[in-house]
Amino acid sequence: MKIDKKTIHNLAHLSRLRFDDSDAEKMEKDLNGILNWVEQLNEVDTDGVEPLSTMTWETNQMREDIVGEHLPREKGLKNAPQKDSNYFRVPKVKE
Amino acid sequence: MKKYTSFGEISDCLSKGEASCETIVNHYLDQIESQRDLNVFVEVYAEEALNRAKEMDQKIAKGQGGKLAGMVVGIKDVICHKDHGLQAASKILDGFQSQFNATVIDRLIAEDAIIIGRQNCDEFAMGSSNENSAFGPTKNAANPEHVPGGSSGASAVAVQANMCTVSLGSDTGGSVRQPAAFCGVIGLKPTYSRISRYGLIAYASSFDSIGVLSTTVEDNALMLEVIAGADDFDSTVSNEPVDNYVKGLGESKKYKIAYIQNTLDSSGIATDVKEATLSAIEKLKSKGHEVSPISFDLLDYILPTYYILTTAEASSNLSRYDGVKYGYRTPHAHNLEEMYKMTREEGFGKEVQRRIMLGTFVLSSGYYDAYYIKAQKVRRLIREKTQELLQQYDFLVMPTTPTAAFKFGEHSDDPIEMYLADLYTVQANVCGVPAISIPNGETTDGLPIGLQFMGAAFQEKKLYQIAKSFLDS
């Protein structure tokens with residue numbers, strides 16, 4: 001088993017997710033199943049192959065660095081669950 | 001009664017004065033209303049669409065109508081439409097309103113299309129059945145006990161069930177073509193970077209494409225012509241000139257076509273899908289195309305490559321949903337970390353959580369090389385091999401899906417079984433090349449079957465030509 005209960009809790013923390021015991025168990029089973037399946041890739045010889053990391057067909061297109069129209073603050077804040085006049089509000093970070 | 005199933009029919013009625021945009025919008029609104037049980041639209045903009053229709057009628061009367069004047073469009077719930085709701089069918093975006101238009105929306109509005117509403121889908125476009133939606137599943141109009149496919153399932157049903165002329169969906173691994181096949185409509189995924197992704201909610205950025213669903217090849221081609229092309233707001237979009245896709249559609253040319261023998265020998269392919277594909281191959285031959293079997297030994301590795309890379313990209317893209325800036329926030333948290341975790345636990349559905357977890361795993365220290373980098377290497381091999389084939393042949397032809405639409409709940413217990421529904425569609429996304437799904441008959445139970453053509457990068461025009469010539473004969 002690649003993924004055990006401890007790994008699930010560690011991954012959940014990194015993903016900023018939480019699972020109760022029964023969900024964690026299901027997740028462990030699903031992820032191990034998927035990993036066993038994707039490991040077929042080890043059958044492919046990739047010696048000397050460069051990883052493919054970008055899919056665009058063209059090189060970067062630069063544009064002029066000029067001031068354009070941006071989202072005004074009120075609009076940026078409009079969808080916030082909690083805000084004041086200038087900022088997003090979140091629960092206390094420090095005691 | 002007129003059904004306005006295509007923009008061709010609409011234009012004809014408008015020019016003869018037999019209909020107005022208002023009557024057309026009213027027709028679709030009736031269709032939406034009388035088929036509410038299919039659960040297609042998350043939100044219908046009835047009043048707004050009617051007002052815009054009246055405006056368009058005036059414009060048309062003055063001879064000032066744009067290229068899409070009279071076309072009624074539905075939008076998958078993943079594309080930003082200013083001052084309208086947008087949720088990616090997820091609870092985590094509860095109450096979200098777009099603050100700007102996606103580039104595609106700007107372009108179709110500029111050409112006078114009428115947007116009638118936003119459509120249900122799998123949450124964050126992750127799914128092959130439309131069952132993963134905070135709004136509940138959408139049903140296939142051919143048989144409501146069957147799924148419409150996914151993730152753009154409702155966008156396909158809207159076209160199938162005559163609720164709009166054209167839908168815009170998104171396709172990361174088959175999410176336009178697979179539902180198109182399940183619902184008996186036409187679905188195009190263009191070349192990666194052909195259409196700006198600005199304003200498209202990101203799932204896996206190196207795979208995502210906006211795509212078009214329609215009843216006719218002409219409508220599909222016209223829509224692509226309008227929405228494709230360079231855009232200052234997407235640094236990855238292509239600057240290749242956009243073809244005139246509609247012009248010359250009817251030209252009949254003789255093509256060299258290949259089919260991958262192992263796609264038809266697979267144990268997972270249903271008999272009627274296999275037979276329909278074989279008769280399509282015979283039909284192509286009888287029309288003078290050269291069709292030959294080939295083998296593709298990387299076939300089995302395409303889906304695993306896709307799942308490693310897309311989940312990795314998704315885990316990163318979906319980190320922005322944290323309950324701070326927009327959407328849902330848990331009411332139960334006492335500190336910041338708890339707020340992040342509980343918001344995401346309560347806001348994301350199970351499949352989305354599974355993909356975030358898998359993506360986090362393959363990117364995590366100690367596993368990154370073995371999974372993520374390995375998959376990027378295999379992706380290069382798959383792309384090179386596919387490109388080689390597409391230099392030798394004009395198209396690869398194959399069934400769009402291994403089976404017709406399955407029943408609700410049929411693949412819900414095992415995620416891998418569900419993933420196999422995308423067996424034939426993911427190749428185009430892994431390689432960034434365009435592909436189209438067109439109707440190819442029905443099963444004995446009356447469920448639609450799809451046929452897929454895949455072409456070389458930026459060869460959408462050729463794809464439309466072969467699709468039209470196949471459907472017209």
Side-chain angles (χ1 to χ4, degrees), chain A residues 2-3 7-8 10-20 23 26-27 30-31 33-58 60-63 68 71-72 75-83 88-95, chain B residues 95-97 99-100 191-193 206-207 232 235-236 238-240 298 300-301 304-305 307-308 315 319 322-329 333-342 344-345 348 353-354 356-358 360-361 364 371 373-381 383 414-416 432 457:
Chain A
K2 298 237 153 21
I3 290 191
T7 322
I8 289 291
N10 182 34
L11 288 175
H13 174 67
L14 291 171
S15 307
R16 297 297 183 269
L17 288 168
R18 293 196 330 180
F19 300 101
D20 63 26
D23 280 348
K26 173 89 168 67
M27 190 61 73
D30 286 349
L31 291 194
I34 298 170
L35 287 174
N36 282 335
W37 173 66
V38 300
E39 273 166 17
Q40 298 174 65
L41 292 193
N42 294 330
E43 299 162 14
V44 184
D45 180 4
T46 52
D47 272 359
V49 178
E50 276 295 301
L52 180 61
S53 57
T54 171
M55 290 304 288
T56 42
W57 308 86
E58 294 146 47
N60 282 339
Q61 308 279 332
M62 300 298 185
R63 60 180 156 90
L71 209 58
K75 286 197 157 190
L77 285 170
K78 185 175 178 279
N79 284 303
Q82 265 192 1
K83 63 195 162 196
F88 297 112
R89 303 282 302 182
V90 294
K92 220 171 178 180
V93 180
K94 274 182 154 179
E95 286 306 321
Chain B
F96 182 85
Q97 295 266 317
Q99 301 296 301
F100 56 86
T191 308
Y192 179 78
S193 79
S206 77
F207 295 79
D232 278 349
S235 64
T236 61
S238 171
N239 289 288
E240 282 277 314
L298 294 170
D300 288 344
Y301 306 112
T305 301
Y307 273 96
I308 292 175
S315 75
S319 63
D322 55 7
V324 175
K325 305 175 291 291
Y326 34 64
Y328 174 77
R329 177 188 291 189
H334 302 292
N335 60 50
L336 188 62
E337 188 176 302
E338 224 176 64
M339 187 203 81
Y340 291 146
K341 290 184 176 176
M342 293 174 82
R344 288 162 64 82
E345 176 197 4
F348 286 134
Q353 295 191 23
R354 192 151 48 214
I356 291 173
M357 289 283 282
L358 183 66
T360 305
F361 176 77
S364 64
Y371 291 93
I373 295 294
K374 177 77 184 182
Q376 285 192 321
K377 290 179 178 176
V378 179
R379 187 181 196 184
R380 181 180 296 278
L381 293 176
R383 187 169 78 157
D414 181 358
I416 297 170

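Every chain is numbered from 1, with letters handed out A, B, ... down the list of sequences. Remember, predicted model here, so these are calculated numbers, not experimental data.
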Engineer: Looking at residues at least two apart in the chain, or sitting in another chain, which of them share a side-chain contact (heavy atoms from CB on, under 4.5 Å) with A/Ser53?
Structural biologist: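 With neighbours one apart ignored, the set is B/Gln376.
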Engineer: Can you say whether A/Lys75 sits under 4.5 Å from chain B via the side chain, the backbone, both, or neither, judging by heavy atoms?
Structural biologist: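 Looking at A/Lys75, backbone and side chain both touch chain B.
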Engineer: Which bit of B/Ile356 comes within less than 4.5 Å of chain A, counting heavy atoms only: side chain, backbone, both or neither?
Structural biologist: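 B/Ile356 touches chain A through backbone and side-chain heavy atoms alike.
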Engineer: Is A/Leu77 in contact with chain B via its backbone, its side chain, both, or neither, using a 4.5 Å heavy-atom distance?
Structural biologist: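 It is neither, since no heavy atom gets under 4.5 Å.
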Engineer: Under 4.0 Å between a side-chain nitrogen and a carboxylate oxygen: does that hold for A/Lys2 and A/Glu39?
Structural biologist: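 Salt bridge: yes.
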Engineer: In terms of heavy-atom pairs under 4.5 Å, which option from A/Val44, A/Leu41, A/Asp30, A/Thr56 contacts chain B the most?
Structural biologist: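 Most heavy-atom pairs within the cutoff with chain B belong to A/Leu41.
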Engineer: Taking the ring of B/Tyr328 and the ring of B/Phe96, is the distance between their centroids below 6.0 Å?
Structural biologist: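 They do not qualify: ring centres at least 6.0 Å apart.
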Engineer: Pick one of side chain, backbone, both or neither for A/Lys26, based on which atoms fall under 4.5 Å of a heavy atom in chain B.
Structural biologist: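 The side chain, not the backbone.
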Engineer: Could you state the interatomic distance from CG (A/Asn79) to CD (B/Gln99), rounded to the nearest 0.5 Å?
Structural biologist: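 If I round to the nearest 0.5 Å, the distance is 5.0 Å.
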Engineer: For A/Asn42, which atoms come within 4.5 Å of any heavy atom of chain B: side chain, backbone, both, or neither?
Structural biologist: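 Both parts, backbone and side chain.
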Engineer: Against chain B, label A/Gln40 side chain, backbone, both or neither, depending on which of its atoms sit under 4.5 Å from a heavy atom there.
Structural biologist: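 When you check distances to chain B, atoms from both the backbone and side chain of A/Gln40 fall under 4.5 Å.
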Engineer: May I ask you to name which of A/Leu31, A/Val90, A/Val49 has the most heavy-atom pairs under 4.5 Å with chain B?
Structural biologist: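 The option with the most such pairs is A/Val49.
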Engineer: Look up atom CE in B/Met357 and atom CD1 in A/Ile34, then write down how far apart they are to the nearest 0.5 Å.
Structural biologist: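 Atom-to-atom, B/Met357:CE and A/Ile34:CD1 are 11.0 Å apart.
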Engineer: Do B/Arg354's NZ or CZ and the ring of B/Tyr307 fall within the cation-pi criteria of under 6.0 Å and 45°?
Structural biologist: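 Checked: cation-pi criterion not met.
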Engineer: Measure A/Leu17 against the heavy atoms of chain B and call it side chain, backbone, both or neither at under 4.5 Å.
Structural biologist: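 Both parts, backbone and side chain.
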Engineer: With B/Lys341, which residues qualify under salt bridge (charged side-chain N to carboxylate O under 4.0 Å, His left out), at least two apart?
Structural biologist: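 With neighbours one apart ignored, the set is B/Glu337.
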